Structure formats: C-alpha cells, structure tokens
Amino acid sequence: STRAAIGKRLLGLGLTAGVGYDRFSSDVRYGFRAPQGTPPTQPNAFRVSGVELDASRWSAFLDASFTVLVATIGAEAGWLQGADPIEGFPETSEFEPGNGTFFGSVGLRVSL
C-alpha cells in the first residue's frame, strides 16, 4: 500500500486529503464440512483450492479532525476503485465488485 497526503492543522482543527494505491495477491484455499445429520443425498464437504487473488486499486480520501485538551474526534470519507471479481465465486448478491464505492468512518481518541 502507498499513500500520498497533504494536510494542515490550525488551532485544534486538522484537514488532510490524499490518494492511495493498494496492490495485493494471495492463494486462497478453504473448506466446509456439514454437521452430523446431513441428508445422505447431499455432499457433506465443500472445498475450494487454487483460487488466486491478484488485484490493485486506487483510493482517494479526505480526513478532518478536532482536538480539545486530551480528546480528538476524527472523520474520514473517501472513494475506493472497484476490482475484478474473484474467479470461482458465484454471483449471489447485487454487489458488483467492479464498481467503485464510497466509504467513511468516525473515531474518537483519548490520550492521557
């Protein structure tokens, strides 16, 4: 992951804007076993192996913070670029991994 950001803090107020680039890869292997009592006509194990995950995506974000004495409240909003779907996984929802998505968070930090 790489981030580039520029920010300014003045009288307890902070503002930061930036962009990021994430690249990740992995080999995925997992399996499930059904509990006892599974109908005999159904398989009781499910296994996927050899799924390779290799993706990269860009993001943009804007952070704001406010500090009073020992407490800081911060908020972040941003956008994350979409990526190719993972091969081997069924499309079972309305989620489209190729579309970008907005994200956000709010946090509170107390420093003693």
Side-chain angles (χ1 to χ4, degrees):
S1 295
T2 303
R3 300 283 182 269
I6 186 166
K8 181 67 177 169
R9 179 173 284 286
L10 182 64
L11 300 174
L13 293 172
L15 188 62
T16 304
V19 295
Y21 180 75
D22 298 304
R23 179 165 169 72
F24 47 92
S25 64
S26 180
D27 293 328
V28 179
R29 301 180 197 302
Y30 63 91
F32 298 97
R33 181 176 295 275
Q36 292 289 0
T38 300
T41 59
Q42 299 293 322
N44 69 341
F46 171 74
R47 182 187 310 178
V48 171
S49 63
V51 175
E52 293 188 22
L53 176 63
D54 187 15
S56 60
R57 57 176 85 183
W58 286 93
S59 62
F61 56 91
L62 180 64
D63 299 339
S65 64
F66 181 66
T67 302
V68 178
L69 296 175
V70 297
T72 300
I73 186 166
E76 178 178 68
W79 175 82
L80 184 65
Q81 180 185 23
D84 293 333
I86 300 171
E87 293 181 22
F89 284 85
E91 296 180 24
T92 58
S93 70
E94 295 178 12
F95 175 72
E96 175 58 50
N99 293 342
T101 187
F102 288 97
F103 63 88
S105 64
V106 176
L108 174 68
R109 180 181 71 197
V110 177
S111 301
L112 300 176

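Bear in mind the structure is a predicted one, so any value in this text is a computation, not a measurement. FYI, the numbering just counts along the sequence from 1.
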Taken in chain and number order and not counting sequence neighbours, the residues that satisfy side chain to side chain contact (heavy atoms under 4.5 Å, CB included) with Ser111 are Arg109
Listed pairs under 3.5 Å, donor-acceptor, residues 58-71 side chains, sequence neighbours left out:
| from | atom 1 | to | atom 2 | distance (Å) |
| --- | --- | --- | --- | --- |
| Ser65 | OG | Arg9 | NH2 | 3.3 |
| Thr67 | OG1 | Thr72 | OG1 | 3.0 |

#### Entry: In one Ile/Leu/Val/Met/Phe/Trp/Tyr side-chain cluster, 4.5 Å: Ile73, Leu13
yes
*Does the side chain of Phe24 reach to within under 4.5 Å of the side chain of Arg57, using non-hydrogen atoms?*
yes
